[in-house]
Amino acid sequence: MSSNERLLLVALVLLVYGLFCLWFARGYFRRGGLVAASDTLVAYASQTGTALALARQMLAVLPANTRLLPLNQVDDKVLSSARRALIIASTYGDGEAPDNGARFAQRCVTGKPLANLEFAVLAIGDSSYPRYCRFGRSLHQGLLERGAQPLSQPVELDASQQEATASALERWHSLFRTLDDAAKIEPLQSEAASLRQLWVMKQRTLLNPGSPGGPLFLVQFIPAEGQACDWQAGDIVDVTPTNDRSRCRQVLTQLGLNPKTQSIDPNRLMSFEDALVSRELPDVPPTLSRFDDETIDQWITQLPIIQSRKYSIASIATGGTLDLVIRQQRDENGRLGLASGWLTRQIEIDDSVSIQIHSNPLFRSPEPEVPLLLIGNGSGIAGLRAHLYRRREHGAKRNWLIFGERDPKADRLFADEINAWLESATLERLNLVFSRCPRRPMYVQDALYKNEDNVEAWVSSGAAIMVCGSRQGMAQDVDKALTDIVGRDVLDELEAAGRYLRDVY
Ligand SMILES: Cc1cc2nc3c(=O)[nH]c(=O)nc-3n(C[C@H](O)[C@H](O)[C@H](O)COP(=O)(O)OP(=O)(O)OC[C@H]3O[C@@H](n4cnc5c(N)ncnc54)[C@H](O)[C@@H]3O)c2cc1C
Ligand SMILES: Cc1cc2nc3c(=O)[nH]c(=O)nc-3n(C[C@H](O)[C@H](O)[C@H](O)COP(=O)(O)O)c2cc1C
């Protein structure tokens, strides 16, 4: 190569390098300096998967290096390395944080100033709860107090109202349209898009005759039209009950009205009785100034629409039936709970009901080789039973069930199945405990303390822990017992690693 040719080559290399630097610098400054525009963090706090589903949808349309984390895994290091935090946070319990946001809630209020952080909160809640969206609101406030820059007021999403959900998602979405790197975000889909199907009730069995506790029923459904039925162990259903028609008629006749009178509202071509079926009935008859059709229509319209209730699925899809375990509830006047009464009393064999399967990726059992401690009480057997069926299907043997009810004679739920699991070694260990056992009254947390060496050994050997049932009482006391046995730090690590999971209500 001549010296001229060599010079030309060097010039060409320098030119290419220069162009590359220019291109890189342009991108660098466009992205706002040291932090790339895609240094966005999407964080979620979710108990039953709604906030997680939305967070995943957002992740799918944001730049590839956007991080997705449960809120508990967001610490000061993560916050200070992000330019923008988009937080989707549901409220659970009594205005509290979901499990995977509770630790963040404790530490969010203190720490270094976050002046370089932009943030926005999508607060998910249900306006029928007194502490509506309280957790999302408190996150917004906490980040404000630490000097972070809000992109907007918290966007509040009322999950109980379809229209309100859609408009909140639109507001959240339009927030992104104003952000440079997220202009192409597709509208987010609300949960309403998930599967709602008709199911036929085929069997209803009382599980605890003679129990001192409320009656527990196994209610079994098959698909109405042979449609594919698919769900995973840990999923839950949403069912929307209706009022007993005789009660609607009673309310209307008490008001001196004919239940069959047609509503005059052109949007509701139905009788007063039909209109009342899906509305919450008042405990005492209303005092109406007039009893003309218009006043009655107005009164019916302002009654809240009955909200859906959640139930843990107690079976797996390959079993052929969708099973629920329902505790029949009664209020202090002996009146049946709306949904539990509807499922355990009102609907009849061969009736079709609309059920929405709600995917709950936050309550999935681990891989078959991972040992599993399943802890629960009462109707919590539902979720545990589904997981045990799944574990059996996958040949997982290291399963330990610790389950509590009241009476050792009346409350041996699913005794045949549990014996079969023991015989087939699906269950390696079993502790059934009864709080009203005359000889040895015991709660599940007592069983944990009594077996603390084994609990420690299982956790040390990599076991996961799943808890299902009452949030107050059982789940709280189990959490305390586990904290005492393995230590809070270990329990937090298990939670962070997806090895301490709860379906508690
Ligand atoms: C994730 C999850 C899983 C569950 N799994 C089971 C299960 O497997 N088995 C089981 O028996 N129960 C389960 N429950 C409880 C169930 O959803 C109902 O709360 C229970 O059956 C009582 O409902 P009810 O309509 O019979 O009583 P209600 O007539 O509703 O009366 C009970 C009280 O709860 C309030 N309430 C209940 N649900 C709602 C709601 N959605 N919105 C507003 N207020 C409400 C009512 O205002 C009332 O004060 C679960 C709950 C959750 C959150
Ligand atoms: C047991 C339970 C308690 C709840 N408590 C509240 C509450 O105190 N305030 C509120 O605004 N919403 C409350 N909600 C409504 C939830 O925030 C709403 O259902 C949300 O969609 C759940 O989202 P997730 O699936 O991400 O957990 C509660 C829901 C349940 C099932």
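Remember, it's 1-based here, ligands and their atoms both numbered in the order they're listed. Just so it is clear, the structure is predicted and the values come from calculations on it, not from any experiment.
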Can you confirm whether something in the protein, heavy atoms only, sits under 4.0 Å from [atom]?
atom: atom 30 (O) of ligand 1; result: yes
atom: atom 2 (C) of ligand 1; result: yes
atom: atom 10 (C) of ligand 1; result: yes

Cation-aromatic face contact Arg84/Phe119, 6.0 Å, 45 degrees: no
Can you tell me which residue and heavy atom of the protein come closest to [atom], and the distance to 0.1 Å?
atom: atom 25 (O) of ligand 1; value: Ala339 N, 2.7 Å
atom: atom 41 (N) of ligand 1; value: Ser308 O, 2.9 Å
atom: atom 42 (N) of ligand 1; value: Ser128 OG, 3.9 Å
atom: atom 20 (C) of ligand 1; value: Tyr311 OH, 3.7 Å
atom: atom 26 (O) of ligand 1; value: Ser340 OG, 2.7 Å

Side-chain donor-acceptor pair under 3.5 Å between [X] and [Y], yes or no?
X: Glu145; Y: Gln141; value: yes
X: Glu393; Y: Thr318; value: yes
X: Asp94; Y: Tyr129; value: no
X: Trp400; Y: Asn431; value: yes
X: Tyr505; Y: Ser312; value: no
X: Thr242; Y: Trp342; value: yes
X: Thr483; Y: Arg488; value: yes
X: Tyr132; Y: Glu156; value: no
X: Arg134; Y: Thr91; value: no
X: Asn72; Y: Glu495; value: yes
X: Gln329; Y: Ser340; value: no

Geometry only, no angles: is [X] polar-contacting ligand 1 at N/O separations under 3.5 Å?
X: Leu338; result: yes
X: Ile326; result: no
X: Tyr129; result: no
X: Lys310; result: yes
X: Arg327; result: yes
X: Ala382; result: no
X: Asp503; result: no
X: Asp126; result: no
X: Ser312; result: yes

Tell me whether ligand 1 is touched by Pro241 - counting only heavy atoms on the residue side and a distance under 4.0 Å. no
Quick one: does Tyr92 get within less than 4.0 Å of ligand 1, heavy atoms only? yes
Does the ring centre of Trp421 sit less than 6.0 Å away from the ring centre of Tyr389? yes
Residues at least two apart in sequence or cross-chain that pass ring-ring contact (aromatic ring centres under 6.0 Å, His included) with Trp231, listed by chain then number, are none
Tell me which one of [options] gets a heavy atom nearest to [atom].
atom: atom 27 (O) of ligand 1; options: Gly380, Gly378, Gly337, Ala386; answer: Gly337
atom: atom 28 (P) of ligand 1; options: Arg309, Gln329, Arg385, Gln307; answer: Arg309
atom: atom 52 (C) of ligand 1; options: Tyr505, Phe217, Trp342; answer: Tyr505

Applying side chain to side chain donor-acceptor pair (under 3.5 Å), name anything that partners Gln346, two or more places apart in sequence or on another chain. none
Does Asn399 have any side chain to side chain donor-acceptor pair (under 3.5 Å) partners at least two apart in sequence or in another chain, and if so, which? Arg391
Residues in the immediate environment of ligand 2 (any heavy atom closer than 4.0 angstrom): Ser46, Gln47, Thr48, Gly49, Thr50, Ala51, Ser90, Thr91, Tyr92, Gly93, Asp94, Gly95, Ile124, Gly125, Asp126, Tyr129, Arg131, Tyr132, Cys133, Ala159
With distance as the sole test, does Asp411 use its side chain to make a donor-acceptor pair with the main-chain N or O of Pro408 at under 3.5 Å? no
